[in-house]
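Below you'll find the structure, written out as structure tokens, and then a few comments.
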Amino acid sequence: MLVDSHCHLDRLKLDKYENGLEGAIEAALSRDIQQLLCVGISINNRKDVVGIAEKFDPVVCSVGVHPCDVKEGVASEDDLVEWSSHPKVVALGETGLDYYYTEDDKALQHESFSIHLRAAARAKLPVIVHTRDARADTISLIKEHGSQEHAGVLHCFTENWEMAKQAIDMNYMISLSGIVTFKNALELKDVAKQIPLDRLLVETDSPYLAPVPFRGKPNEPQYVREVAEYVAELKGISFEELARITTENFYRLFPKADNFNIKKQAS
């Protein structure tokens, strides 16, 4: 059984399913994907992701403000702690730093990321971290404001091994998306080989970044299987072992999610 540790169910392209989001979730379940983490990105979509998690048993969620959405509003530390009390909110984020498009709002990104890190420590929840072209600052802020006991994950990781190692040393996990299957992602493939198995997660980040052989098409949670199969090959282990380990890692990082583990409930 697998878990999609990071997807945006409120943004999926659902034209192919007569019953919409229910169809996409059923497609994932039919491929032995037992749980999905629907990730919040802004104050505005918080109620959407929580509502999806409330409606569908296999779905849990996170709440937070993505670094590219900070201009729309920065959540307060108290707000994040309050929102995290919902039974199905298993993490804060995604948060982090993104300097790829602009650095004009760098100070606001730093403020928001720091708030999330402190709120997560108070709420005793992990943090889902987005980082792009901001390696040194991301690590620095985690060291300054984060909790190693309630650490988190660098999701959709595309950076180098040095950064991955620094995060792992602070008790973070590293999550790989469909990007690792791309032909030109040579450095990332090398990083994937070096990540310790007990620090590894897999995700889709759907509807973005569909893995090969679906690259260029809308992504969806069921394709986390292709990511896992590819990573298993890189690591030189069976798909079954990779699936078991990454699923165990998921519940270790997001223990609240285990309360809604449909496989566990069925046994």
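Everything numeric here is computed off the predicted structure, so don't read it as measured data.
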[X] (side chain) donor-acceptor with [Y] (main chain) under 3.5 angstrom:
X: Thr246; Y: Leu242; result: yes
X: His116; Y: Val65; result: yes
X: Asp10; Y: Val49; result: no
X: Thr247; Y: Met1; result: yes
X: Glu159; Y: Ala164; result: no
X: Asn45; Y: Ile41; result: yes
X: Lys88; Y: Val59; result: yes

Between Glu220 and the options Lys16, Arg31, Arg11, the salt bridge (Lys or Arg N to Asp or Glu O under 4.0 Å) test singles out Lys16
Report yes or no: do [X] and [Y] belong to one cluster of Ile/Leu/Val/Met/Phe/Trp/Tyr joined by side chain heavy-atom distances under 4.5 Å?
X: Val129; Y: Ile174; result: yes
X: Tyr99; Y: Phe157; result: yes
X: Leu201; Y: Leu197; result: no
X: Leu36; Y: Val89; result: no
X: Phe260; Y: Leu2; result: no

Which heavy atom in [X] sits nearest to a heavy atom in [Y], and how many Å separate them?
X: His86; Y: Lys256; result: O-NZ, 2.9 Å
X: Ala257; Y: Val90; result: N-CG1, 3.6 Å
X: Leu9; Y: Pro221; result: CD2-CG, 3.7 Å
X: Ile168; Y: Pro196; result: CD1-CD, 3.8 Å
X: Ala28; Y: Gln222; result: CA-CB, 3.8 Å
X: Ala91; Y: Leu125; result: N-CD1, 4.2 Å

Nearest-0.5 Å distance, [atom1] of residue [X] to [atom2] of residue [Y]:
X: Lys71; Y: Asp105; atom1: NZ; atom2: CG; result: 5.0 Å
X: Leu37; Y: Glu203; atom1: CG; atom2: CD; result: 9.5 Å
X: Phe113; Y: Leu108; atom1: CZ; atom2: CG; result: 14.0 Å
X: Asp133; Y: Asp137; atom1: CG; atom2: CG; result: 11.5 Å
X: Ile142; Y: Tyr172; atom1: CD1; atom2: OH; result: 4.0 Å
X: Ser140; Y: Gln166; atom1: OG; atom2: CD; result: 10.0 Å

Student check: side-chain heavy atoms of [X] and [Y] closer than 4.5 Å:
X: Arg135; Y: Glu162; value: no
X: Pro218; Y: Asp15; value: no
X: Leu92; Y: Ser84; value: yes
X: Ile139; Y: Met163; value: yes
X: Ile33; Y: Val3; value: no
X: Ile25; Y: Glu22; value: no
X: Trp161; Y: Ile195; value: yes

Taking salt bridge (Lys or Arg N to Asp or Glu O under 4.0 Å) as the definition, give me every residue that meets it alongside [X], ordered by chain and number, with sequence neighbours left out.
X: Lys13; answer: none
X: Glu26; answer: none
X: Asp169; answer: Lys165
X: Arg225; answer: Glu229

Kindly determine whether Phe250 and Asn261 satisfy side-chain contact (heavy atoms from CB on, under 4.5 Å), including the steps that lead there.
CA-CA 11 Å; Phe250 177 84; Asn261 180 344; over 6 Å; no
**Prompt:** side-chain contact (heavy atoms from CB on, under 4.5 Å) between Cys156 and Leu209: does it pass, once the steps are laid out?
**Reply:** CA-CA 9 Å; Cys156 193; Leu209 307 169; 3.5 Å; yes
For [X] and [Y], which I'm curious about, is there any donor-acceptor pair between the side chains at under 3.5 Å?
X: Asn219; Y: Thr204; result: no
X: Gln109; Y: Asp98; result: no
X: Ser42; Y: Glu72; result: no

Determine, for [X] against [Y], whether the closest basic-nitrogen to carboxylate-oxygen distance falls under 4.0 angstrom.
X: Glu241; Y: Lys235; result: no
X: Asp78; Y: Arg122; result: yes
X: Arg215; Y: Glu226; result: no

Applied to residues 35-69, the ring-ring contact (aromatic ring centres under 6.0 Å, His included) test, sequence neighbours excluded, yields His66-His130
By side chain to side chain contact (heavy atoms under 4.5 Å, CB included), Glu240 pairs with (sequence neighbours left out) Ser238
Those residues at least two apart in sequence (or on a different chain) that pass side chain to side chain contact (heavy atoms under 4.5 Å, CB included) with Glu248 are Arg244
Should the heavy atoms of other residues, nucleotides or ligands under 6.0 Å from CD of Gln194 be counted, would the total exceed 12?
yes
Students should find that the hydrophobic cluster of Tyr101, defined by side-chain heavy atoms under 4.5 Å apart, otherwise consists of Tyr100
Grouping ILVMFWY residues whenever side-chain heavy atoms fall under 4.5 Å, the cluster of Tyr223 otherwise contains Phe214
By side-chain hydrogen bond (donor to acceptor under 3.5 Å, both in side chains), Thr131 pairs with (sequence neighbours left out) Thr138
Hits for side-chain hydrogen bond (donor to acceptor under 3.5 Å, both in side chains) against Asp104, two or more places apart or cross-chain, chain-then-number order -> Thr102
Taking distance alone, no hydrogens or angles, what donor-acceptor pairs closer than 3.5 Å link side-chain atoms of residues 176-183 to residues at least two apart or in another chain?
unit_1: Ser177; atom_1: OG; unit_2: Ile179; atom_2: N; d: 3.3
unit_1: Thr181; atom_1: OG1; unit_2: Gly178; atom_2: O; d: 2.7
unit_1: Thr181; atom_1: OG1; unit_2: Val212; atom_2: N; d: 2.9

Checklist entry - What is the ring orientation for His8 with His6, classed by angle as parallel under 30°, tilted 30 to 60°, or perpendicular over 60°? => result perpendicular
Check the pair Leu80 / Arg118 against side-chain contact (heavy atoms from CB on, under 4.5 Å), numbers first and verdict last.
CA-CA 10 Å; Leu80 288 168; Arg118 293 193 298 269; over 6 Å; no
